[in-house]
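Below: the structure, in structure tokens.
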Protein chains: 2
Amino acid sequence: MARVLLIEDDPSVRDALTLALKGRDHEVESAASGEDGLERLARFAADVVVLDLMLPGIDGFEVCRRIRAASSTSIVMLSARGDDFDVVGGLEAGADDYVVKPVRPQVLEARIRAVLRRTDGVPSPVETYGALCVDRASLTVSRGGRQVALPPIELRLLLYLSASPGQVFSRQQLLESVWEHDYLGDSRLVDACVQRLRAKIEDVPAEPRYVQTVRGFGYRFGPV
Amino acid sequence: MARVLLIEDDPSVRDALTLALKGRDHEVESAASGEDGLERLARFAADVVVLDLMLPGIDGFEVCRRIRAASSTSIVMLSARGDDFDVVGGLEAGADDYVVKPVRPQVLEARIRAVLRRTDGVPSPVETYGALCVDRASLTVSRGGRQVALPPIELRLLLYLSASPGQVFSRQQLLESVWEHDYLGDSRLVDACVQRLRAKIEDVPAEPRYVQTVRGFGYRFGPV
DNA sequence: CGCGCCATGTCATGAACCTGTAATAGCTTC
DNA sequence: GAAGCTATTACAGGTTCATGACATGGCGCG
């Protein structure tokens with residue numbers, strides 16, 4: 001149903017919630033600390049982050065702020081009973097909802113659903129390829145949950161290539177389709193654009209995973 | 001899911017929406033005129049009425065008033081481009097929501113759900129996006145609790161964009177849907193209107209949070 | 001009937017940002 | 001090692017958009 005990243009240091013709570021959410025068809029990834037969570041979020045394109053407030057190392061509020069700084073992923077905060085629970089602080093940090101522990105799994109799940117309903121009232125055609133997420137409605141691209149800003153021509157190129165994963169396109173085809181040029185001249189234009197795109201979406205631009213070179217022919221997207 | 005009565009005279013729109021709603025597990029009854037609609041409503045216990053404004057015979061506003069006089073069925077109004085956009089009329093007639101045509105089926109369905117949620121669950125009086133509240137029934141907009149007066153065209157633009165949060169619309173699409181224009185000329189008209197809208201609803205118009213520019217493509221609402 | 005306000009469309013300006021090109025370096029294949 | 005192909009980088013011209021001023025035209029009100 002949804003991709004959930006659970007950041008919670010107590011192993012028993014973590015395991016219980018993970019099991020419960022998985023039992024309801026969510027994909028769950030979990031982390032035991034804020035640092036670990038932020039790192040995982042960079043790879044796991046979560047729809048929503050369930051975030052405990054009391055964490056070893058950097059605390060929940062700070063994690064929340066850092067997530068917000070980087071992406072618009074929804075955040076549900078978990079506060080343990082007895083924590084100094086500051087609604088204003090939570091709001092300012094940018095959480096979308098709060099749940100007080102002990103939390104029954106079905107309650108948490110209902111909150112997650114509510115948050116997701118709110119943020120994507122209209123389901124958009126989102127395609128995920130590994131850690132890369134391409135949203136064709138909002139024309140946004142994110143890599144590991146972090147939004148990547150792409151200039152128009154690079155975005156068009158990515159949209160075009162990713163619409164047919166695995167298919168090889170010649171430079172000429174791309175010039176005609178993506179650029180709408182008719183000229184038949186030799187041009188390294190496509191190459192340059194591919195480079196700039198790779199620099200933004202690939203983890204290791206030198207070993208491209210998404211936009212691959214097919215020597216002598218052109219480029220293709222994936223296969224991932 | 002819900003019982004929907006669709007009152008719409010254009011057969012192609014009627015069929016398209018009927019199919020789409022049935023595909024999403026709603027029971028749909030349709031009528032081609034106001035009279036027919038009122039008659040069917042008397043037999044078909046609809047949860048919600050989707051009502052076109054421009055109808056042969058008695059018009060949408062009048063149908064709306066008659067439905068309101070007799071029952072509390074929810075009403076979602078549909079206004080075609082070129083319809084006389086009458087804020088006062090919409091207010092007085094008592095619709096629960098207001099959608100500008102052309103409408104994508106999933107948007108209509110989302111709005112139907114929203115209306116039903118509102119009426120049979122926890123009352124959720126307005127749609128809230130961050131500090132911005134858009135009341136699609138009374139056609140009022142408030143920002144941080146303070147009401148904002150918007151001229152018709154700006155209100156219409158906001159309603160159209162916010163009906164599909166995240167979706168990017170080209171200037172051409174907006175000219176066709178929100179304005180009555182069919183011409184294909186280059187025009188900065190949309191820009192100017194967006195500009196004026198931003199000045200009224202954005203906290204920092206230079207860093208828009210609600211109506212965002214997608215360079216090379218157009219504009220979108222949020223995602224917040 | 002005339003006045004003035006407001007909504008809307010058009011235009012000029014400037015800034016920020018793309019993007020095509022070219023030059024160079026690196027890699028593959030034979 | 002040479003030829004052919006691709007990666008990488010820098011830069012200047014060009015495009016796109018924000019902004020604000022101005023023109024127009026409708027509408028209500030005096």
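Just so it is clear: chains get the letters A, B, ... in the order the sequence lines come, proteins before strands, and each one is counted from 1.
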**OP:** With sequence neighbours excluded, give me every salt bridge (Lys or Arg N to Asp or Glu O under 4.0 Å) pair touching residues 70-79 of chain B.
**Re:** none
Subject >> Main-chain N/O of V211(A) paired with E202(A) side-chain donor or acceptor, under 3.5 Å >> reply: yes
Subject >> Value in whole Å for how far the P atom of dG20(C) lies from CG of L189(A) >> reply: 4 Å
Original post:
So how far off straight is the helix from dC1(C)-dG30(D) to dC30(C)-dG1(D), going by the axes through five pairs at either end, to 10°?
Top reply: 30°
Subject >> Among dG9(C), dT19(C), dA7(C), the nucleotide that comes nearest once only the side chain of R196(B) is considered >> reply: dG9(C)
Original post:
Residues from residues 197-206 of chain B sitting under 4.0 Å of DNA chain D, heavy atoms only?
Top reply: R198(B), A206(B)
Original post:
Quick one: CG on L159(B) to CG on L139(B), what's the gap to the nearest 0.5 Å?
Top reply: 6.0 Å
Original post:
Which residues, if any, of residues 155-169 of chain A bring a heavy atom under 4.0 Å of DNA chain D?
Top reply: none
Original post:
By side chain to side chain donor-acceptor pair (under 3.5 Å), which residues pair with S30(A), not counting sequence neighbours?
Top reply: none
Original post:
Atom CD of Q195(B) to atom C1' of dA7(C): distance rounded to whole Å?
Top reply: 16 Å
Subject >> For atom CG of L175(B) and atom C1' of dT10(C), their distance in whole Å >> reply: 13 Å
Original post:
Rounded to the nearest Å, what distance is computed from the CG atom of residue D191(A) to the P atom of nucleotide dA22(C)?
Top reply: 14 Å
Original post:
Of R171(A) and T213(B), whose nearest nucleotide on DNA chain D comes first from the 5' end?
Top reply: R171(A)
Subject >> Check ion pair E27(A)-R3(A) (N to O, under 4.0 angstrom) >> reply: yes
Original post:
At what distance, to the nearest 0.5 angstrom, does CG of L55(A) lie from OG of S33(A)?
Top reply: 7.5 Å
Original post:
What are the bounds, 5' to 3', of the part of DNA chain D that sits under 4.0 Å from heavy atoms of chain B?
Top reply: dT15(D) to dA21(D)
Original post:
Between CG of L157(B) and OG of S177(B), what distance do you get to the nearest 0.5 Å?
Top reply: 10.5 Å
**OP:** Can you tell me which residue pairs pass the ring-ring contact (aromatic ring centres under 6.0 Å, His included) test with a partner in residues 147-173 of chain A, sequence neighbours excluded?
**Re:** Y160(A)-F169(A)
Original post:
Nearest nucleotide by nearest heavy atom, which residue falls closer to the 5' end of DNA chain C, A192(A) or L150(A)?
Top reply: L150(A)
Original post:
Side-chain donor-acceptor pair under 3.5 Å between Q212(B) and R220(B), yes or no?
Top reply: yes
Original post:
side chain to side chain donor-acceptor pair (under 3.5 Å) with R66(B): which residues, sequence neighbours excluded?
Top reply: E62(B)
**OP:** Report the residues that fulfil salt bridge (charged side-chain N to carboxylate O under 4.0 Å, His left out) with R40(A), sequence neighbours left out, ordered by chain and then residue number.
**Re:** E29(A), D36(A)
**OP:** Under the side-chain contact (heavy atoms from CB on, under 4.5 Å) rule, collect the residues that match up with D191(A), sequence neighbours excluded.
**Re:** R171(A), R188(A), Y219(A)
Original post:
Are L41(B) and I67(B) close enough that some pair of their side-chain heavy atoms sits under 4.5 Å apart?
Top reply: yes
Original post:
Counting just side-chain N and O atoms, does W179(A) come under 4.0 Å of either OP1 or OP2 of dG20(C)?
Top reply: yes
Quick one: which protein N/O atoms are closer than 3.5 Å to N/O atoms of nucleotides 25-30 of chain C? Pair and distance per line, please.
none

**OP:** Could you check if a side-chain atom of S74(B) sits within less than 4.5 angstrom of a side-chain atom of V49(B), using non-hydrogen atoms only?
**Re:** no
Subject >> S162(B) side chain to R136(B) side chain, donor-acceptor N/O pair below 3.5 angstrom >> reply: yes
Subject >> Partners meeting side-chain contact (heavy atoms from CB on, under 4.5 Å) with D203(A) (sequence neighbours left out) >> reply: R143(A)
Subject >> Side chain of P151(B) (C-beta onward), nearest among dT19(C), dG9(C), dA7(C) >> reply: dA7(C)
